[in-house]
Amino acid sequence: MLAANRRYAELLDLPDDMLRPGLPYLEVARLLARRGEFGPGAPEALAQERLAFSSAGRHHRLSRIRPNGRGLEITGRPLPGGGWVTTISDITERLLRERRLAESEASFRLLNENSGDVVARLGLAGDFRYVSPAALRVLGWPPEQLNGQLLHRFVVAEDAAWLASGLGALASGETEEATITFRFRRADDSE
């Protein structure tokens with residue numbers, strides 16, 4: 001290692017003596033492997049694999065979760081003439097947000113997939129982004145035929161102005177929520 005900053009040592013939980021210039025990277029990799037940072041396996045083999053991967057002269061990016069639960073994103077960039085620069089970022093908060101979002105999406109789908117009411121998620125242009133399975137029973141349209149379509153296509157013509165007004169208020173930021181009552185054209189042309 002030619003140089004490493006204090007944050008490098010903090011993120012990897014390294015002792016101060018591992019920040020010294022001239023320290024072979026293999027020593028860092030061995031310490032991390034002994035701690036189980038690279039997963040199961042023989043620590044020496046894992047450390048050697050990590051050294052070979054890092055020094056292969058290719059740009060690389062990988063993410064991993066440390067045994068303490070912190071998420072790291074590690075980016076390696078080769079240097080002209082040999083060697084590499086490694087950047088380590090703490091991505092724990094991002095991973096937590098992604099997990100919460102996935103859990104929220106799973107809950108949303110669980111509730112809506114089993115609801116007797118049609119639940120739809122629309123873009124501000126009125127495009128269907130999600131339609132629950134109840135659409136087939138209630139509206140006569142399979143959800144996959146509605147997804148990607150514009151809601152305007154299914155609204156009874158006399159009610160189109162109500163819809164346009166409500167969506168326009170949302171899109172302009174005039175309001176954060178709107179209740180719009182309109183008639184929907186079913187697959188059999190009934191309302």
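Residues: numbered from 1 along the sequence shown. Below, each value reflects all heavy atoms present in this structure, side chains not excepted, and no hydrogens, waters or symmetry copies.
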Got a salt bridge between Arg30 and Glu27, using NZ or NE/NH1/NH2 to carboxylate O under 4.0 Å? no
Measure across Gly140 and Ala187 and return the closest heavy-atom pair with its distance rounded to 0.1 Å. O-CB, 3.1 Å
Please check if the number of heavy atoms outside Arg20 that lie under 6.0 Å from its CZ is greater than 12. yes
If the condition is side chain to side chain contact (heavy atoms under 4.5 Å, CB included), which residues does Leu111 pass it with, not counting sequence neighbours? none
Glu176, CD: over 12 other non-hydrogen atoms inside 6.0 angstrom: no
Do you reckon Phe108 sits in the same ILVMFWY cluster as Leu101, going by side-chain contacts under 4.5 Å, direct or chained? no
Distance-only, no hydrogens or angles: does the Ser55 side chain make a donor-acceptor pair with backbone N or O of Leu51 under 3.5 Å? yes
Where do Ala29 and Phe38 come nearest, in terms of heavy atoms and distance? O-CE1, 3.4 Å
CD of Glu10 to CZ of Arg7: how many Å apart, nearest 0.5 Å? 5.5 Å
Flag if over 12 foreign heavy atoms under 6.0 Å of CD, Glu177: no
Only pairs at least two apart or in different chains count here, so list each salt bridge (Lys or Arg N to Asp or Glu O under 4.0 Å) that has a residue in residues 69-90. Arg70-Asp90, Glu73-Arg94
Is it true that Tyr130 and Leu151 fall in one hydrophobic cluster, defined by side-chain heavy atoms closer than 4.5 Å? no
So, the side chain of Ser115 versus the backbone of Asp117: is there a donor-acceptor pair under 3.5 Å, distance only? yes
Nearest 0.5 Å, what's the CH2-CZ distance between Trp141 and Arg185? 5.5 Å
Smallest heavy-atom separation, Thr86 atom then Ile88 atom, equals CG2-CG1, 4.0 Å
Using modelled atom types and a 3.5 Å cut-off, is there a donor and acceptor pairing between side-chain atoms of Trp84 and backbone atoms of Ala56? no
Measure from the side-chain N and O atoms of Ser165 to the backbone N and O of Ala161, and report whether any donor-acceptor pair falls under 3.5 Å. no
Are the side chain of Arg66 and the backbone N or O of Leu11 linked by a donor-acceptor pair below 3.5 Å? yes
If you define the side chain from C-beta out and look only at heavy atoms, does anything of Thr75 sit under 4.5 Å from His59? yes
Can you measure from CG (Leu26) to CZ (Arg50) and round to the nearest 0.5 angstrom? 12.5 Å
side-chain contact (heavy atoms from CB on, under 4.5 Å) evaluation trace for Thr181 with Asp159: CA-CA 8 Å; Thr181 303; Asp159 298 344; over 6 Å; no
For Leu19 and Ala4 the tightest heavy-atom approach is CD2-CB, 3.7 Å
CG (Leu146) and OG (Ser132) are apart, to the nearest 0.5 Å, by 9.5 Å
Any non-hydrogen side-chain atom of Leu12 less than 4.5 Å from a side-chain atom of Met18? no
Indicate yes or no for a side-chain donor-acceptor contact from Ser172 to the backbone of Ala169 under 3.5 Å, with no hydrogens or angles considered. yes
Is a side-chain N or O of His60 found less than 3.5 angstrom from the main chain of Arg58, in a donor-acceptor match? yes
Are Val131 and Val119 connected in a single hydrophobic cluster, I mean Ile/Leu/Val/Met/Phe/Trp/Tyr linked by side-chain heavy atoms less than 4.5 Å apart? no
Please name the pair of heavy atoms, one in Pro143 and one in Pro133, separated by the smallest distance, quoted to 0.1 Å. CG-CA, 3.7 Å
Rounded distance (nearest 0.5 Å) linking atom CG of Asn68 with atom CD of Glu37: 7.0 Å
Kindly give the heavy-atom pair with the smallest separation between Ala134 and Gly116, and that separation in Å. CB-O, 3.7 Å
Backbone N or O of Gly71 within a donor-acceptor pair of the Thr92 side chain at under 3.5 Å? yes
Any side-chain heavy-atom pair from Ser63 and Ile91 closer than 4.5 angstrom? yes
Roughly how far, to the nearest 0.5 Å, is the CH2 atom of Trp162 from the CG atom of Leu167? 14.0 Å
Do Phe53 and Leu72 belong together in a cluster built from hydrophobic side chains that touch within less than 4.5 Å? yes
Can you tell me if Leu2 has over 12 outside heavy atoms packed within less than 6.0 Å of its CG? no
Mind checking whether Leu124 and Phe154 sit in one hydrophobic cluster, side chains of I, L, V, M, F, W, Y counted as touching below 4.5 Å? yes
I'd like to check Asp17 versus Leu23 (side-chain heavy atoms, cut-off strictly below 4.5 Å). Are they in contact? no
Arg129: partners by salt bridge (charged side-chain N to carboxylate O under 4.0 Å, His left out), with sequence neighbours left out: Asp127
